[in-house]
Colleague: 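Have a look at the structure that comes next, please.
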Amino acid sequence: MDFTAGLIPLDAALEQMLTRLTPITESEMLALLQAFGRVTASAITSPLDVPGFDNAAMDGYGVRLADLADGARLPVAGKAFAGQPFQGDWPAGTCVRIMTGAPVPAGCEAVVMQEDTEETDDGIRFNAPVKAGQNIRRSGEDIRQGATVLEAGTRLSAAELPLLASLGIAQVPVVRRLRVAVFSTGDELQLPGQPLAKGQIYDTNRLAVHLMLEQLGCEVINLGIVRDDPQALRDTFLRADAQADLVLSSGGVSVGEADYTKQILDELGEIGFWKLAIKPGKPFAFGRLQHSWFCGLPGNPVSAAATFYQLVQPLLAKLSGQRATPLPPTFKVRAAQKLKKSPGRLDFQRGILRTAQDGQLEVVCTGHQGSHIFSSFSQGNCFIVLERERGSVEPGEWVDVQPFNHLFGG
Ligand code: AMP
Ligand code: MG
């Protein structure tokens, strides 16, 4: 008997989610420092040529080629510094002392680096052949005025924002922050800092989800812990839906004990309760409330964090108008030990990617892979992604690894 029939593959679940969503388009103008982590609302074009003028790539001497007959010695007619161009006439048969970044004087055909020259009593002597255009950075060779420097939907990091600064741009149009309402469900949940009654456990998921949402630039509406009580759940769903673009709950979405959640969600919206063919993270709910989208994460903390990472992260990227997937690329390395697995689901084991003695990358798992072992995220630095139909992996076999991104400290 196939116990895995009816499980939805991750790709299919992602596709269903992403094709239904339409990105939000409301935007705001922000100063560069405030725009870190945000997504561009429109394409950004350059108002300038970069470089803005021909300038020296080296400290040395600006020359005209015609002045460089064999053995020529050229007196220095003046100096050009970055920010302080050479002024005045440049007589034939002379050169100009020039520093890196300084505008080259009109008529300058090459900059000869200082190391290839010699100071003599009669002027500068040039000890190496000089080619037309050498060591001159040309106006516009990096970016042309009017060229698109960033597409709409680009997430702004320390790679992009300084580029805008270099173009003299002080403000950038970005998509408004996504508002995400978060709560945990479960009669057994207690706040850290409070004593535990018998059978209680501390709420892990809400902090995990809150932190990951903040890292993704979302505004978090944290609605606390909600008891397994139909009226409390209904009230919380309504409050959440009234304020948020996305509502994220954890717990109560697996079969059997999820009855009220399911009943209430059926009443308030249109939600699919899925069994995903992934491990950890089988139970997952997705759908639409009156005003917002909804994702129901599994209760087990490892499953909640892993499904957030693999499903909610791409969903938020799409909703915020981001073009590219935020997940790092997956690549193959050898397993340095046996990895236990049964066929039927796509595994996201937590692994430690490291350099072996021979200089090649290899991976080991973090140990116990139970969906309650949250320490596997801090011990590990990657997911080991094991194909659905694969069984246990022997040492030396190739496996796919996906390094953690910044959400898990990568
Ligand atoms: P559930 O899906 O609600 O049945 O929860 C599955 C398992 O996850 C149970 O062992 C719960 O106690 C545990 N769990 C649910 N929510 C949380 C939470 N917020 N933090 C830690 N563990 C949780
Ligand atoms: Mg529960």
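Atoms within a ligand are numbered from 1 in the order they appear, just like the ligands themselves. Worth knowing before you read on, the calculation uses all heavy atoms, side chains too, and leaves out hydrogens, waters and symmetry mates. Treat the numbers as computed from the prediction; the structure is a model and nothing was measured.
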Colleague: Scan side-chain atoms only and decide if Arg97 and Gln114 contain a donor-acceptor pair under the 3.5 Å cut-off.
Modeller: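 Yes, a side-chain donor-acceptor pair sits under 3.5 Å.
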Colleague: Using a strict cut-off of 4.0 Å, indicate which atoms of ligand 1 neighbour a heavy atom of Tyr202.
Modeller: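 Those qualifying, in numeric order: 20 (N), 21 (C).
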Colleague: Step through it carefully: locate the ring centre of Phe348, locate the ring centre of Tyr309, and say whether they are under 6.0 Å apart.
Modeller: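 When the ring centroids of Phe348 and Tyr309 are compared, they turn out to be at least 6.0 Å apart.
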Colleague: Check whether NZ of the Lys or CZ of the Arg Arg20 lies under 6.0 Å from the centre of the six-membered ring of Trp293 and within 45 degrees of that ring's axis.
Modeller: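 That pair does not qualify as a cation-pi contact.
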Colleague: Quick check on the 6.0 Å ring-centre criterion: do Phe86 and Phe81 meet it?
Modeller: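 No - the distance between ring centres of Phe86 and Phe81 does not fall below the 6.0 Å cut-off.
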Colleague: Looking at Asp203, which atoms of ligand 1 are within less than 4.0 Å of one of its heavy atoms?
Modeller: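 Result: 18 (C), 19 (N), 20 (N).
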Colleague: What about Val253: any of its N or O atoms under 3.5 Å from an N or O on ligand 1?
Modeller: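 No - when backbone and side-chain N and O of Val253 are compared with those of ligand 1, no distance drops under 3.5 Å.
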Colleague: Run through Leu207, Leu223, Leu213 and flag the one making a side-chain contact (heavy atoms from CB on, under 4.5 Å) with Val182.
Modeller: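 Only one option passes, and that is Leu213.
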Colleague: What heavy-atom pair brings Val130 and Ala110 nearest, and what distance separates the two atoms?
Modeller: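 Closest approach of Val130 to Ala110: CG1-CB, 3.6 Å.
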Colleague: Testing Leu238, Leu246, Ile271 one by one against Leu289 for a side-chain contact (heavy atoms from CB on, under 4.5 Å), which residue passes?
Modeller: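 It is Ile271; the other options fail the test.
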Colleague: Is the closest heavy atom of Gly186 to ligand 1 under 4.0 Å?
Modeller: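 The answer is no: ligand 1 sits nowhere under 4.0 Å from a heavy atom of Gly186.
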Colleague: Sub-3.5 Å donor-acceptor pair from the side chain of Thr40 to the main-chain atoms of Thr154, do we have one?
Modeller: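 A pair under 3.5 Å: yes.
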Colleague: Can you tell me if Glu188 has a non-hydrogen atom under 4.0 Å from ligand 1?
Modeller: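 For ligand 1, residue contact (heavy atoms, under 4.0 Å) with Glu188 is present.
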Colleague: Give the atom numbers and elements of ligand 1 that come within less than 4.0 Å of a heavy atom of Ser184.
Modeller: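 Within the 4.0 Å cut-off of Ser184, ligand 1 contributes 19 (N).
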Colleague: Looking only at heavy atoms, is any part of Leu189 under 4.0 Å from ligand 1, and if so is it the side chain, the backbone, or both, or is it neither?
Modeller: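 The answer is the side chain.
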Colleague: Below 4.0 angstrom from a heavy atom of Pro301, which ligand 1 atoms are there? Numbered from 1 as shown, please.
Modeller: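 Listed by number with element: 21 (C), 22 (N).
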Colleague: Distance under 4.0 Å to a non-hydrogen atom of Gly252: what atoms of ligand 1 satisfy this?
Modeller: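 Those qualifying, in numeric order: 1 (P), 2 (O), 3 (O).
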Colleague: In ligand 1, which numbered atoms sit nearer than 4.0 Å to a non-hydrogen atom of Ile201?
Modeller: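 In order of numbering, the contacting atoms are 12 (O), 21 (C), 22 (N), 23 (C).
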Colleague: Out of Asn205, Leu297, Asp187, Val209, who gets a non-hydrogen atom closest to atom 17 (C) of ligand 1?
Modeller: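 Considering heavy atoms of Asn205, Leu297, Asp187, Val209, the nearest to atom 17 (C) of ligand 1 sits in Asn205.
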